[in-house]
Amino acid sequence: ECIYTKHLCLDGRQIHLEIYDPCSQQGKLSLPEELRWADGFVIVYDISDRASFAFAKALLYSLREAHTAACKKVVEPSIFLVGNKQDLCHMREVGWDEGQKLAMDNKCQFCELSAAEHYQEVVAMFTKVLRNITSNSKVKEKRRPSGSKSMAKLINNVFGKRRKSV
């Protein structure tokens, strides 16, 4: 299918990636159920192809709609909008400002790069994506104490007694 898996180490942490590539299914906007629970998305369009930008825009809208309708996450998924083929700027159909505006409107990060000429830009972009996702997961891990512990603290504060176990 269109799912690739990768294991890597980033900042001393083991990370398991599942990357879904819907490019072969351009035109279809129905998202698989598991994508609604993804931690991050990288949406790539071709700066020399207005149709790919329109597809990216529709995909962004579908992702936002799916996430707001299906799940009440504490942390929004990280979304990166990427304009590719910067090396073909002489054939540009989509301006940098259009990509930036779409990203701002959808509260996602934006960059333009050339995967064909500078693979280091792609590596740097994915590293930024992964760091963003892992920092968001640290926010999710900070949980409030359970109700019973909170209630015990409240009772202890009111009555001035210290209990060793709850």
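Values in this document were obtained by computation on a predicted structure and should not be read as measured data.
Here the CG atom belonging to N106 is positioned 10.5 Å from the OH atom belonging to Y61, to the nearest 0.5 angstrom. Atom CZ in R13 sits 5.5 Å away from atom OG1 in T134 (nearest 0.5 Å). Of the inter-residue distances, the one linking F55 atom CZ with I43 atom CD1 reads 9.0 Å to the nearest 0.5 angstrom. Taking CD from E112 and NZ from K85, the interatomic distance works out to 13.5 Å, rounded to the nearest 0.5 Å. Here the CD1-CD distance, from I79 to Q109, works out to 11.0 Å after rounding to the nearest 0.5 Å.
Annotation: side chain of Y45 is in contact with side chain of I47 (closest heavy-atom distance under 4.5 Å). Taking 4.5 Å as the limit, some side-chain heavy atom of L113 sits within range of a side-chain heavy atom of V82. Between H7 and I15 there is no side-chain heavy-atom pair separated by less than 4.5 Å. Proximity of H16 to T5: side-chain heavy atoms (C-beta onward) are separated by under 4.5 Å at one or more points. Residues L17 and L8 are in side-chain contact: their nearest non-hydrogen atoms beyond the backbone lie under 4.5 Å apart. Between F41 and L63, some side-chain heavy-atom pair lies under the 4.5 Å cut-off. Within the 4.5 Å cutoff, the side chain of Q120 has no heavy atoms near those of the M125 side chain. In this structure the side chain of N132 reaches within 4.5 angstrom of the side chain of F80, judged on heavy atoms.
Of the possible polar contacts, one joining the E121 side chain to the S114 backbone as a donor-acceptor pair under 3.5 Å is found.
For N84 against A115, the heavy-atom pair with the smallest separation is OD1-N, 3.1 Å. Minimum heavy-atom separation, A103 to L81: N-CD2, 4.0 Å.
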From CA spacing to verdict: side chain to side chain contact (heavy atoms under 4.5 Å, CB included), C108, L60: CA-CA 9 Å; C108 58; L60 268 172; 4.2 Å; yes
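At a cut-off of 3.5 Å, with distance as the only test, no side-chain donor of S52 or D46 sits close to an acceptor on the other residue.
Using a 4.0 Å cut-off between a side-chain N of Lys or Arg and a carboxylate O of Asp or Glu, K57 and E98 do not qualify as a salt bridge. Salt bridge annotation for D105-K101: present, with a cationic side-chain nitrogen under 4.0 angstrom from a carboxylate oxygen.
Counting only residues at least two apart or in different chains, ring-ring contact (aromatic ring centres under 6.0 Å, His included) contacts with residues 99-128 comprise W96-F110.
Contacts of E93 classified as salt bridge (Lys or Arg N to Asp or Glu O under 4.0 Å), with partners at least two apart in sequence or in another chain: none.
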